[in-house]
Enquirer: 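Before anything else, here's the structure in question.
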2 protein chains.
Amino acid sequence: MSQSDQESLANDQDDYLSNEELRQALELLFFAYRDFTGEPDVILANDGFGRAHHRVIYFVKCNPGITVNRLLGILKITKQSLSRVLGQLVREDFILQQTDPGDRRRRTLVLTDKGNALESRLTGCQSARIGRAYKAAGVDAVRGFKAVLTQIINADDRARFTGGGPHTD
Amino acid sequence: MSQSDQESLANDQDDYLSNEELRQALELLFFAYRDFTGEPDVILANDGFGRAHHRVIYFVKCNPGITVNRLLGILKITKQSLSRVLGQLVREDFILQQTDPGDRRRRTLVLTDKGNALESRLTGCQSARIGRAYKAAGVDAVRGFKAVLTQIINADDRARFTGGGPHTD
DNA sequence: CATATATGTCAACAACACTGACTTAATTTT
DNA sequence: AAAATTAAGTCAGTGTTGTTGACATATATG
């Protein structure tokens, strides 16, 4: 008996855990993420940027004064990958990078006015999409949406949402 | 008054539509999608494949006999991008491509046994992740999860989920 | 002073998307 | 039957985003 056959039998009792239900979830995530990122990608392309720039701008906005190392921890990419993108954003005056007075090895990052303006445009269209979806689905659905998404996230990053603040350690 | 200030005022009445709530949704989607795709990426790398191969294998599995054009419509990438990935999968015997007898311009795609085996492994770990999340969050949360994700998807693809069958036109 | 940490940089490489131009084969339309 | 359209494939070039590995510099900590 194959693994998937076993799963079918095991899940026959709970139809919300059936293979078909799970398969639908995979597709929902694929299409939702594709469309969720589609609009910002167009805006970014105008400035010669990509999705990676968006992520950096977003997390600097939410964590003003964040250091490069902490940003790497959130994004989980190599410093060489971040460096290319971050360097562009700093050179083109979207992000201000300053030496941390407390520990002069560290560089703190904040958005410039230019960076804030771009961040607003990017997050604006994503927020609008989510807002429309939230409104159409209703407040109870939103609770479920967040509960399931939180559980999908790996345990080590889940605390960022179940706990209190941003928690970027 | 800035755009975001206007939004704040407009949304102060519904706290589930506040800027902070929407911002949290953006992050949930980012982290959930990152971790959702993390495990399959490792498996794919063993075969020298990437996420694009996964998507092709997945949609061929769910739509056996699908044509190249319909696959392009689902993935929304260029035929040159698909060609590279699909060509590899056909050459390495994960996908069987045959001329459609009804319209000999068309090529129909199905997974080989080898392709089915890989698909099971890939979808298996994603299904397991979703299954755990569903079980932990509960059946009511799942209903909300699907309702919100469906609304996030662009209207033209939303019918794939609100309606009956796969509907890949 | 030695070691560890934070950051940056150079080089090479791979996956995956894009545009644009062109070809071949088969079907449909006129 | 000729013309137009559709389905699929190919070649060439480009850009974003990630990777590994090696190395450099400044600062902090032991």
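Numbers restart at 1 for each chain; the letters A, B, ... are given by sequence-line order, proteins then strands.
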Enquirer: Using atom CG of A:Leu72 as one end and atom P of C:dT9 as the other, report the distance to the nearest whole Å.
Expert: 14 Å

Enquirer: Name all residues meeting the side chain to side chain contact (heavy atoms under 4.5 Å, CB included) criterion together with A:Glu119; count only those two or more places apart in sequence or in a different chain, and write none if there are none.
Expert: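 Checked A:Glu119 against side chain to side chain contact (heavy atoms under 4.5 Å, CB included); matches are A:Ile57, A:Tyr58, A:Lys61, A:Leu111, A:Thr123, B:Arg23.
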
Enquirer: Once side chain to side chain contact (heavy atoms under 4.5 Å, CB included) is applied, do any residues pair with B:Thr78, and if so which ones, sequence neighbours excluded?
Expert: B:Gln80, B:Ser81

Enquirer: So does B:Ser81 get a side-chain nitrogen or oxygen closer than 4.0 Å to the phosphate oxygens (OP1/OP2) of C:dC18?
Expert: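 Yes, B:Ser81 has a side-chain N/O under 4.0 Å of OP1/OP2 on C:dC18.
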
Enquirer: Under 4.0 Å, heavy atom to any atom of DNA chain C: which of residues 36-61 of chain A qualify?
Expert: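 By residue number: none to list.
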
Enquirer: Which residue pairs pass the ring pair (Phe, Tyr, Trp, His ring centres under 6.0 Å) test with at least one member in residues 126-158 of chain A, sequence neighbours excluded?
Expert: A:Tyr134-A:Phe145

Enquirer: Would you kindly compare B:Val68 and A:Gln88 by the position of their nearest DNA chain D nucleotide and give the one closer to the 5′ end?
Expert: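 Upstream on the strand: B:Val68.
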
Enquirer: Atom CD1 of A:Ile77 and atom C1' of C:dA15: how far apart are they, to the nearest Å?
Expert: 16 Å

Enquirer: Residues two or more places apart in sequence or in another chain: which of them pass side chain to side chain contact (heavy atoms under 4.5 Å, CB included) with A:Thr67?
Expert: A:Asn69, A:Arg70, A:Arg106

Enquirer: Give the table of side-chain donor-acceptor pairs shorter than 3.5 Å for residues 88-100 of chain A, with sequence neighbours excluded, one pair per line with atom names and distance.
Expert:
unit_1, atom_1, unit_2, atom_2, d
A:Gln88, OE1, A:His53, NE2, 3.0
A:Asp100, OD1, A:Gly102, N, 2.9

Enquirer: Any donor-acceptor pair, under 3.5 Å, between the side chain of A:Arg105 and the base of C:dT7, if you only look at N and O atoms?
Expert: no

Enquirer: For A:Arg84 and C:dA11, give me the distance from atom CZ to atom C1', rounded to whole Å.
Expert: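 In whole Å, C:dA11 C1' lies 12 Å from A:Arg84 CZ.
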
Enquirer: What's the CG-P distance between B:Leu82 and C:dC18, to the nearest Å?
Expert: 10 Å

Enquirer: How close or far is atom P of C:dT28 from atom CG of B:Asp103, stated in whole angstroms?
Expert: 6 Å

Enquirer: Would you say the rings of B:Phe31 and B:Phe36 are close, in the sense that their centroids are separated by under 6.0 Å?
Expert: no

Enquirer: Specify the residue among A:Lys79 and B:Gln97 whose closest nucleotide of DNA chain D lies further upstream toward the 5′ end.
Expert: B:Gln97

Enquirer: Determine, step by step, whether B:Arg121 and B:Asn46 satisfy the side-chain hydrogen bond (donor to acceptor under 3.5 Å, both in side chains) criterion, reporting the C-alpha distance in whole Å, the side-chain angles of both residues, the deciding distance to 0.1 Å, and the verdict.
Expert: CA-CA 12 Å; B:Arg121 284 208 298 152; B:Asn46 287 352; over 6 Å; no

Enquirer: Does any donor-acceptor pair link the side chain of A:Arg107 with the base of C:dG8 at a separation under 3.5 Å?
Expert: no

Enquirer: Would you say D:dT19 has OP1 or OP2 under 4.0 Å from some side-chain N or O of A:Thr78?
Expert: yes

Enquirer: A:Asn69 side chain N/O closer than 4.0 Å to the phosphate oxygens (OP1, OP2) of C:dT7?
Expert: yes

Enquirer: For C:dA11 and A:Gln80 - does any side-chain N or O of the residue sit under 4.0 Å from the phosphate oxygens OP1/OP2?
Expert: no

Enquirer: Specify the separation, in whole Å, of atom CG of A:Leu86 and atom P of C:dA6.
Expert: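 Nearest whole value for this atom pair: 16 Å.
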
Enquirer: Expressed in angstrom and rounded to an integer, what is the separation of A:Leu89 atom CG from C:dG8 atom C1'?
Expert: 16 Å

Enquirer: Does B:Arg104 get its side chain close enough to the base of D:dA7, under 3.5 Å, for a donor-acceptor pair?
Expert: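 A donor-acceptor contact between them is absent.
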
Enquirer: What integer distance in Å separates A:Lys76:NZ from D:dT19:P?
Expert: 12 Å

